[in-house]
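To start, the structure itself, in structure tokens.
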Amino acid sequence: MKPKFYITTAISYPNGAPHIGHAYEALATDALARFKRLDGYDVFFLTGADEHGIKMVQTAAREGISAKELSDRNVPKFQAMVEALGCSNDAFIRTSEPRHHKASQEIWRRMAEAGDIYKDTYAGWYSIRDEAYYAEGETELRADGVRYGPQGTPVEWVEEESYFFRLSAFQDRLLAHYRDNPDFIGPAERRNEVVSFVESGLRDLSISRTTFDWGVKVPDDPRHVMYVWVDALTNYLTGVGYPDDATQFGRYWPADLHVIGKDIVRFHAVYWPAFLMSAGLPLPKRVFAHGFLFNRGEKMSKSVGNVVDPFDLIAAYGADQVRYFFLREVPFGQDGNYSVDGIVTRINADLANDLGNLAQRSLSMIARNCGGVVPNAGALKGEDEIILAAARGLLDACRPAMESQQIHQALAAIWAVIADANRYFAGQAPWELRKTDPQRMETVLYVTAEVVRIFAVLVQPVMPGAASRLLDLLAQPADRRDFAALATPLAAGTTLPPPQGVFPRIETETAKPA
RNA sequence: GGCGGGGUAGCUCAGCGGUAGAGCAGGGGAAUCAUAAUCCCUUGGUCGGGGGUUCAAAUCCCUCCCCCGCUACCA
């Protein structure tokens, strides 16, 4: 039986349309999931939408519709985005689903049974108009003697009945967990932040609200709905069958990797493990936080008008290209920059010129000079052995990079060998050999086609569509495309289809400004 | 304020004690199999400022300047 690998994105908050940050997380997680699948794992990849919470209620109220209506309008956009990106998620969860309410209530009951939930009063500055509490620092006392919230609405001191989670009791256990599992949080700088936060002391967490009813009802006390993060985090359990499908849940839980944005590290690295400890459930193996994307160095915001619509980007450049760009250009875990120049350069230099053209020039020569059939390798020379060994060694370089979510490093390693392959091809000059030593030309063309095959197999997690077309050009059957097939070299005598460009060049005139 | 991370070529970054590196951009050349792609050569940096340790410092220590993240309940 294959080893399992359960990987998730954070669930998106559908109070607006998807933006490039949502797309980035989904495409990166998809690349990691696909890599594991090709590497022989039984992968379960979950993504979805986090529909509850006060923000949904507020946004819906402004538009004069219900939170449910708002969600039903926006969630399909997220599903469409995931599909347009070519993501291979096994499920798309919505937290409004009955099965999810059931799962959330179940974990709540278990935390309550463990004695970690108690009822008390929550006090804070409350805006009736916003239907929201604000921290003291978010409010200001103006000259008129009235205190106002961040939305400019008056706030008043309110005390509300609330359930609390005994987070303070978990400080030592959390710190011990971070210490014993140094890979629990990545990248390392995020772990440092979490550790110093927990070391500074934990306060109990208010985990229910009575001011609105859009959410999961607290068991046996339906006046309360759960604080949105309690139910949002539980999606990771619901997605693999908790609590009813013990077989699926037993198979996939605990998650091997939660991929999240750096803004929600605390919820995943402090609250979530504490909830699970309380409920007596195993903890996820790892939480990895990616960075934010900036448009030409500026934070994307609606007011600046530099928000990038993922659908526009995909339409302009193609899903594979967009995926490659972000994964190659931005060190995963760090913030990154997006610009039209950057994406056009990457696509043209790396995809069209380096990889695409290498495939095209070698396959064209095979089509023209070898009757469109994979030629015989003949006796290999040192140069041939060197480039073959470099390509064949790539999986061993990519695997540790992908396992530590250093996707950019895996791609850099692959492209370094692609550059070597171009040097090899130019150095061997098979177009000269055609006249002087046709036998040798065949060997060079064979070796080049073989390394192109290896590149195509390895590049599938990042560019599933283009890689698949490249493998089509190499007449590779469906069962010869996973990493195990890397060891099965191209068979001489195989008839190849006529070569076609897989990575078109982007002419700057047609490049779409963003 | 506290804790943490950074400031290296025009841009993005690697190097973290032993004669300054990569990719992209710029300049010159070769080749013509190929998506005018490829290959070779090359311009370019007082490695944030100052001080110190050392035979030797981007690399260690001190100090100053600047940038960023975290510093609890919007998601």
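Here is how names work: the chains are called A, B, and so on, in the same order as the sequence lines, proteins then strands, and each is numbered from 1. Because the structure is predicted, anything quoted here is derived from the model rather than measured.
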Distance, rounded to the nearest Å, where [X] contributes [atom1] and [N] contributes [atom2]:
X: A:L470; N: B:rU35; atom1: CG; atom2: C1'; value: 13 Å
X: A:L233; N: B:rA75; atom1: CG; atom2: P; value: 11 Å
X: A:Q409; N: B:rA14; atom1: CD; atom2: P; value: 10 Å
X: A:Y271; N: B:rA75; atom1: OH; atom2: P; value: 10 Å
X: A:D263; N: B:rC73; atom1: CG; atom2: P; value: 14 Å
X: A:L355; N: B:rU35; atom1: CG; atom2: C1'; value: 12 Å
X: A:I506; N: B:rA37; atom1: CD1; atom2: C1'; value: 15 Å
X: A:I264; N: B:rC70; atom1: CD1; atom2: P; value: 13 Å

Have a look at B:rA58 and give me syn or anti from its glycosidic angle (syn if within 90° of zero).
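Syn conformation here, the glycosidic angle of B:rA58 being no more than 90° from 0.
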Nearest heavy atom decides the nucleotide; on that basis, is A:E329 or A:G356 closer to the 5' end of RNA chain B?
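On the 5' side of the pair lies A:E329.
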Please figure out whether A:Y13 or A:S196 has its closest RNA chain B nucleotide nearer the 5' end.
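That would be A:S196.
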Could I get the full list of side-chain contact (heavy atoms from CB on, under 4.5 Å) partners for [X], not counting sequence neighbours?
X: A:S196; answer: none
X: A:Q409; answer: A:A401, A:Q406
X: A:E193; answer: A:R190
X: A:D120; answer: A:Y118, A:F164

Check whether any side-chain nitrogen or oxygen of [X] sits under 4.0 Å from OP1 or OP2 of [N], and answer yes or no.
X: A:N353; N: B:rU38; result: yes
X: A:R203; N: B:rC73; result: no
X: A:R368; N: B:rA34; result: yes

With sugar-phosphate meaning primed atoms plus P, OP1 and OP2, does [X] contact a base, only sugar-phosphate, or nothing at under 4.0 Å between heavy atoms?
X: A:S206; value: base
X: A:E189; value: nothing
X: A:N15; value: nothing
X: A:L363; value: nothing
X: A:A352; value: base
X: A:N369; value: nothing
X: A:Y227; value: sugar-phosphate
X: A:V502; value: base

Using the [atom1] atom as the reference point in each nucleotide, state the distance between [N] and [M] in Å, no decimals.
N: B:rA25; M: B:rG45; atom1: C1'; value: 16 Å
N: B:rG51; M: B:rU12; atom1: P; value: 29 Å
N: B:rC68; M: B:rU35; atom1: P; value: 48 Å
N: B:rG7; M: B:rG44; atom1: P; value: 24 Å
N: B:rU38; M: B:rA75; atom1: P; value: 50 Å
N: B:rU43; M: B:rC60; atom1: C1'; value: 34 Å
N: B:rC11; M: B:rU32; atom1: C1'; value: 32 Å
N: B:rU59; M: B:rG2; atom1: P; value: 25 Å

Of the nucleotides [options], which has the atom closest to the [X] side chain?
X: A:K55; options: B:rC74, B:rA72, B:rC33; answer: B:rC74
X: A:N192; options: B:rC73, B:rG4, B:rU35; answer: B:rG4
X: A:R361; options: B:rU35, B:rA72, B:rU38; answer: B:rU38

Main chain of [Y], side chain of [X]: is a donor-acceptor contact present, judged purely on distance under 3.5 Å?
X: A:D320; Y: A:A466; value: yes
X: A:S71; Y: A:A67; value: no
X: A:H290; Y: A:E25; value: no

Does any pair with a residue in residues 166-176 of chain A pass side chain to side chain donor-acceptor pair (under 3.5 Å), and if so which ones, sequence neighbours excluded?
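Found A:S168-A:D204.
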Counting runs of three or more consecutive pairs, Watson-Crick or G-U wobble, with each distance below 3.5 Å, where are the stems of RNA chain B?
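Correct response: B:1-7 with B:65-71, B:10-13 with B:21-24, B:26-30 with B:38-42, B:48-52 with B:60-64.
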Salt bridge (charged side-chain N to carboxylate O under 4.0 Å, His left out) involving A:R423 - partner list, sequence neighbours excluded
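With sequence neighbours excluded, A:R423 shows a salt bridge (charged side-chain N to carboxylate O under 4.0 Å, His left out) to A:D420, given in chain and number order.
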Do A:F332 and A:Y24 make the cut of ring centroids closer than 6.0 angstrom?
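So the answer is yes for these two rings.
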Quiz item: A:N357 side-chain donor-acceptor pair to B:rA34 base, under 3.5 Å:
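Between B:rA34 and A:N357, which were checked side chain against base, a qualifying N/O pair under 3.5 Å is present.
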Can you list everything that forms a ring pair (Phe, Tyr, Trp, His ring centres under 6.0 Å) with [X]? Sequence neighbours excluded, please.
X: A:H177; answer: A:F184
X: A:F267; answer: A:W229, A:Y271
X: A:F325; answer: none

One thing to verify: whether A:R94 and A:D72 come together as a salt bridge, which I'm taking to mean a side-chain N less than 4.0 angstrom from a carboxylate O.
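Looking at A:D72 and A:R94, the cut-off is met.
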Check A:N357 against A:N353 and note the closest heavy-atom contact, atom names and distance.
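Between these two residues, the closest heavy atoms are CB-O, 2.9 Å.
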Show me the protein contacts with nucleotides 67-69 of chain B, counting only N or O atoms at under 3.5 Å.
| from | atom 1 | to | atom 2 | distance (Å) |
| --- | --- | --- | --- | --- |
| B:rG69 | O2' | A:R190 | NH2 | 3.1 |
| B:rG69 | O2' | A:E193 | OE2 | 2.6 |

Using a cut-off of strictly less than 4.0 Å between a heavy atom of the residue and any atom of RNA chain B, enumerate the qualifying residues of residues 410-435 of chain A by number.
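Only A:A419, A:N422, A:R423, A:F425, A:A426, A:W431, A:E432, A:R434 qualify.
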